[in-house]
**Student:** 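Shown below is the structure under consideration.
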Amino acid sequence: MSLKVIDPEENSQPQGPDQVPDDDGRTVVAQHAFPYFTIVIIAALAAVYLFQNTTGFENSFDVADANNRLIRNGQYWRLVTGNTMHGFFWHIALNCMALYSLGSAIELLSNRAHLAIVFLFAAVGGSVMSALLLPEINSVGASGGILGLAGYLTVYGYKRRRLLPPGFLKNMLINLAIVAGMGVIGYLYIDNAAHLGGFLVGAIYGLIQIPKDLYEDPRKVDVVTAVMGYATLAAFISFATLTILLLTKKIAL
């Protein structure tokens, strides 16, 4: 979550969660894939958190957090650097667990290029929504991007529900309800605008990208999308590196 810094083989029977027949007896077999992009993003977040601690945790927020007043005054790089930082250990731990779960699902069911694209653009979208709706707050956390992944998977679960286990979409909706409930209870500390903005970006991307044709493999991407996936992953790593350079005072902006 983002925190306000107040301070083919065919078979008519399913063989497991990765093989689910649709109504005409076809079976969709999900290819197992190591979640490389997910691990890289988690490693970048962990590196930033480590430098937050080693360079002075409490003072790290002033350096690169999503300070909405400063963003509105032109420091637009904070739209991303704020997403690379976290407020305390359980903040990053819970976010990384959610990121691993959602990111792995996207790399398995869709394509890792979409994971990187959704994560970065949802992170930015969440920060923009926060800057517009909550202009006086500062926040840190990767959950704008994480909620973008949740939005994408929710749309995926709906559009391809005939090919997925019946509990997939239900579980996504339950998790979203839990996040929303936590946001209501902890609204003084949780940046709900960033959550909403990130979710909407991921959901809109899913509505556009996920094919309606159930016979079309959603894991296949063209060259442009593949390149964009690597480019957005590299961009996030670059912003994480920028955060570290700011924290260690190697550069000043």
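Values below: every heavy atom of this structure, side chains too, minus hydrogens, waters and symmetry copies. All residue numbers refer to positions in the sequence shown, counting from 1.
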**Student:** Test side-chain contact (heavy atoms from CB on, under 4.5 Å) on Asn59 and Val63 and set out the steps.
**Tutor:** CA-CA 7 Å; Asn59 295 326; Val63 175; 6.0 Å; no

**Student:** Considering non-hydrogen atoms only, spot the tightest contact between Ser110 and Tyr156 and give its length.
**Tutor:** CB-CE1, 4.3 Å

**Student:** Can a donor-acceptor pair be found between the side chains of Thr55 and Thr248 at a distance below 3.5 Å?
**Tutor:** no

**Student:** Would a distance-only check, ignoring hydrogens and angles, find a side-chain to backbone donor-acceptor pair under 3.5 Å from Thr243 to Phe239?
**Tutor:** yes

**Student:** Side chain of Lys159, backbone of Leu207: donor and acceptor closer than 3.5 Å?
**Tutor:**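 Side chain of Lys159 to backbone of Leu207: a pair is present.
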
**Student:** Give me the atom names and distance for the closest heavy-atom approach of Val118 to Gly202.
**Tutor:** CG1-CA, 3.9 Å

**Student:** Under 3.5 Å, is there a donor-acceptor pair between the side chain of Tyr49 and the main chain of Phe89?
**Tutor:** yes

**Student:** Under a 3.5 Å distance rule, please check whether Ser101 uses its side chain to pair with a backbone N or O of Ala98 as donor and acceptor.
**Tutor:**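 Side chain of Ser101 to backbone of Ala98: no pair is present.
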
**Student:** Should we count CZ of Phe168 as having more than 12 external heavy atoms under 6.0 Å?
**Tutor:**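 Yes, because the 6.0 Å sphere around CZ of Phe168 holds more than 12 heavy atoms from other groups.
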
**Student:** Quick check for you: to the nearest 0.5 Å, what is the distance between Asp65 atom CG and Asn83 atom CG?
**Tutor:**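 Answer rounded to 0.5 Å: 11.0 Å.
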
**Student:** When you compare the side chain of Arg112 with that of Ile106, does any pair of heavy atoms fall below 4.5 Å?
**Tutor:**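 Not touching, per the 4.5 Å side-chain cut-off.
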
**Student:** Side chains of Asn68 and Ser130: donor-acceptor distance under 3.5 Å anywhere?
**Tutor:**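 Yes, a side-chain donor-acceptor pair sits under 3.5 Å.
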
**Student:** Start with the C-alpha gap between Leu233 and Ile237, add the side-chain angles, then the distance that decides, and say whether side-chain contact (heavy atoms from CB on, under 4.5 Å) holds.
**Tutor:** CA-CA 6 Å; Leu233 179 66; Ile237 294 171; 4.2 Å; yes

**Student:** For the ring pair Phe37 and Phe119, is the centre-to-centre distance below 6.0 Å?
**Tutor:** no

**Student:** Work out which heavy atom in Arg72 is nearest to a heavy atom in Ala131; give both atom names and the distance.
**Tutor:** NH1-O, 3.0 Å

**Student:** Do Arg162 and Leu214 come within less than 4.5 Å of each other through their side chains, counting heavy atoms only?
**Tutor:**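 When only atoms from C-beta onward are counted, Leu214 and Arg162 do touch, with a gap below 4.5 Å.
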
**Student:** Would you say that Thr225 contacts Ile117 through its side chain, given a criterion of any heavy-atom pair below 4.5 Å between the two side chains?
**Tutor:** yes

**Student:** Looking at Leu45, is its backbone amide N or carbonyl O close enough to the side chain of Thr84 to form a donor-acceptor pair, meaning the two atoms are under 3.5 Å apart?
**Tutor:**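 Side chain of Thr84 to backbone of Leu45: no pair is present.
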
**Student:** Which class fits the ring pair Tyr205 and Tyr152: parallel under 30°, tilted 30 to 60°, perpendicular over 60°?
**Tutor:**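 Tilted, since the angle between the ring planes falls between 30° and 60°.
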
**Student:** Is there a donor-acceptor pair closer than 3.5 Å between any side-chain N or O of Glu107 and the backbone N or O of Leu115?
**Tutor:** no

**Student:** Is it true that the side chains of His86 and Gln52 contain a donor and an acceptor less than 3.5 Å apart?
**Tutor:**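 Side chains of His86 and Gln52: no pair found under 3.5 Å.
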
**Student:** Quick one: does any side-chain atom of Arg161 pair with a main-chain N or O of Tyr158 as donor and acceptor, under 3.5 Å?
**Tutor:** yes

**Student:** Would you please classify the geometry between the Phe61 ring and the Phe57 ring as parallel, tilted or perpendicular, with 30° and 60° separating the classes?
**Tutor:**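 Answer is perpendicular, since the angle exceeds 60°.
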
**Student:** Is any side-chain heavy atom of Leu176 closer than 4.5 Å to one of Leu147?
**Tutor:**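 Yes, side chains in contact.
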
**Student:** Hey, are the side chains of Pro135 and Arg69 touching, using non-hydrogen atoms and a 4.5 Å cut-off?
**Tutor:** no

**Student:** So, Arg219 side chain and Leu109 main chain: donor-acceptor pair closer than 3.5 Å or not?
**Tutor:**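 Not at all, since once roles are kept as given, no pair shorter than 3.5 Å links the two residues.
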
**Student:** Check whether any side-chain heavy atom of Ile251 sits under 4.5 Å from a side-chain heavy atom of Leu242, and report yes or no.
**Tutor:**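 Ile251 vs Leu242: side chains touch.
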
**Student:** What's the shortest heavy-atom distance between Leu120 and Ala235, and which atoms?
**Tutor:**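 Closest approach of Leu120 to Ala235, heavy atoms only: CD2-CB, 3.9 Å.
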
**Student:** Is the closest side-chain heavy-atom distance between Pro218 and Arg160 below 4.5 Å?
**Tutor:**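 With C-beta onward as the side chain, the pair touches.
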
**Student:** Specify the closest pair of heavy atoms between Val128 and Leu79, including all atoms of both residues, with the distance to one decimal.
**Tutor:**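 The answer is N-CD2, 3.9 Å.
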
